[in-house]
There are 2 protein chains.
Amino acid sequence: MAYDSLLDVAIGQFGERGFDGASTRAIAAEAGTVMSSITYRYGSKEGLYLACADHIAAQLGGHLEPALDRVDPQGPLDASDAVEAVAGLVETISRMMLIPDVEPWAQFIIREQQRPGPAFERLYASIMRRVTETVVRLVRSARPSLDESQARATSITLYGQALVLRAAHAAVLRTMGTERLSEAQQELLIQTIRANVYAILKGEPQS
Amino acid sequence: MAYDSLLDVAIGQFGERGFDGASTRAIAAEAGTVMSSITYRYGSKEGLYLACADHIAAQLGGHLEPALDRVDPQGPLDASDAVEAVAGLVETISRMMLIPDVEPWAQFIIREQQRPGPAFERLYASIMRRVTETVVRLVRSARPSLDESQARATSITLYGQALVLRAAHAAVLRTMGTERLSEAQQELLIQTIRANVYAILKGEPQS
DNA sequence: GTCTATACTACGATAGAC
DNA sequence: GTCTATCGTAGTATAGAC
């Protein structure tokens, strides 16, 4: 149990303070053990960091893979079914961004995106790639008039609407005029995003 | 000149490595001076950090205030003019996100958003607030059927489409299948965002 | 005003007790 | 396996030379 506790604490610390800023001593102390446990279990501070990335990827998978499985194995889709599928996926991602538990993961990933290293590689290969490629494929089904690049650009903007809830969390709170998002405010944001997905994917007559 | 150089270097280092990870010695050395200059000029490492926030706010203002001035003093707007104004503002913000010079500022701000402190306070008060409030006001003109909360939620999602270009830069590059965004790819992303703004703000008949 | 020298603290890693 | 003790390095801050 000390095992998982060490990882969870480390994700929080790395996310909050960055790789250099986080202290192995502080991580170990918060997890109720001593610094040399980290060396013993993970070899080094960097080993712990990579183990955090793998742990996050597994947790993200747990949240997203059920939704991905629901749309992934299917063949070519009817356009309006594809719109529905994208809206559902983006909603799932948006809801995830609002779960308190994912806050440390999100901070870790956002940090890692700014200067991607081996940890980002693992995250991308294990879960992010599947999410983006699935959305791109669905967007192409929803709007066949888009070419591959246009569908990829559109997918990025759809993702951005969910991402902003975490990446600019402080600004979101101020814009909504609160210190904590109420249930109703969260639902309003999610339904707004969902409506935008429909507007974006249906906004142009399909050829 | 050593003055500004110290700030620019510090913004890059703080953005990249975080407050704790950045070293005053390294910052001073990269700026061609010694660590004690920082103590002398800014009092402490934290004083330097706050000075960085003010410097960034001033630079952001230089990029955004001309566009804000263009739409701000006007009274109630025709809905389609308001849509046009929002599209122009979001485009300005999106283009800013893609300028190489703003990368260090963006990293600094994103970091600060994850655990906002006094530096975020300064950034928000001096420039971010004006941007968000202006967009909210324009969105309400563009879609009078939205109430205040809905307009705020919509504004957040519009901002998210620009933010993702920086906050998830590594994922954007992979999704677009490149290691650096070409001019054409940048333009594609911006035009996609612009089209989305139109789709979102015109997507519903106005009451 | 800018630098050198230094005080003090905390870091990651390792060796060895148990 | 888990802890204590310790090494070498690097951090911020300060005092004082020039």
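For the numbers below, each heavy atom of this structure counts, side chains included, while hydrogens, waters and symmetry mates do not.
Here dT12(D) presents its P atom at 12 Å from CG of Asp20(A), a figure rounded to the nearest Å. Per the geometry, CD1 belonging to Ile27(B) stands 11 Å off P belonging to dA13(D), to the nearest Å. Taking atom OH on Tyr40(A) and atom C1' on dG16(C), their separation rounds to 15 Å, with Å as the unit. The CD atom of Gln13(A) sits 16 Å away from the C1' atom of dG12(C) (whole-angstrom rounding). Counting to the nearest Å, the P atom of dG12(C) and the CZ atom of Arg17(A) are 11 Å from each other. Taking atom CG on Leu48(B) and atom C1' on dT12(D), their separation rounds to 13 Å, with Å as the unit. Taking atom CD1 of residue Ile38(A) and atom P of nucleotide dC3(D), one finds them 12 Å apart after rounding to whole Å. Atom CZ in Arg25(A) sits about 14 Å away from atom P in dC3(D), given to the nearest Å.
Nearest-nucleotide positions on DNA chain C place Ala26(A) closer to the 5' end than the other of Gly43(A) and Ala26(A).
Within the 3.5 Å criterion, the main-chain N or O of Ala167(A) finds a donor-acceptor partner in the side chain of Gln114(B). The main-chain N or O of Met97(A) is found under 3.5 Å from a side-chain atom of Arg166(A) such that the two form a donor-acceptor pair. Arg143(A) places a side-chain N or O within donor-acceptor distance of the main-chain N or O of Ile200(A), the cut-off being under 3.5 Å.
Applying the 4.0 Å criterion to OP1 and OP2 of dT2(D), one finds that Ser36(A) has every side-chain N and O outside that range. Here Arg41(A) reaches the OP1 or OP2 of dT2(D): one of its side-chain N or O atoms lies under 4.0 Å away. Taking 4.0 angstrom as the limit, Thr33(B) places a side-chain polar atom (N or O) nearer than this to OP1 or OP2 of dC3(C).
Across all strands, Ala22(B) comes closer than 4.0 Å only to sugar-phosphate atoms, never to a base (heavy-atom distances). Residue Ser23(A) is classed as a sugar-phosphate contact, given heavy-atom separations below 4.0 Å to backbone atoms only.
The side chain of Ser44(A) has dA13(C) as its nearest neighbour among dT4(C), dT14(D), dA13(C). Closest to the side chain of Lys45(B), out of dT12(D), dC3(D), dG12(C), is dT12(D). You'll find that the side chain of Met35(B) is closest to dT12(D), out of dC3(C), dA13(C), dT12(D). Listed candidates were dA7(C), dC3(C), dC11(C). Nearest to the side chain of Ser37(B) is dC3(C). With dG1(D), dT14(D), dG12(C) as the choices, the nucleotide that has an atom nearest any side-chain atom of Thr24(A) turns out to be dG12(C).
Taking each heavy atom of Leu6(A) and Ala28(A) in turn, the nearest pair found is CD1-CA, 4.1 Å.
Ring orientation note: the planes of Phe14(A) and Phe108(A) are nearly perpendicular, at an angle over 60° on the 30°/60° scale.
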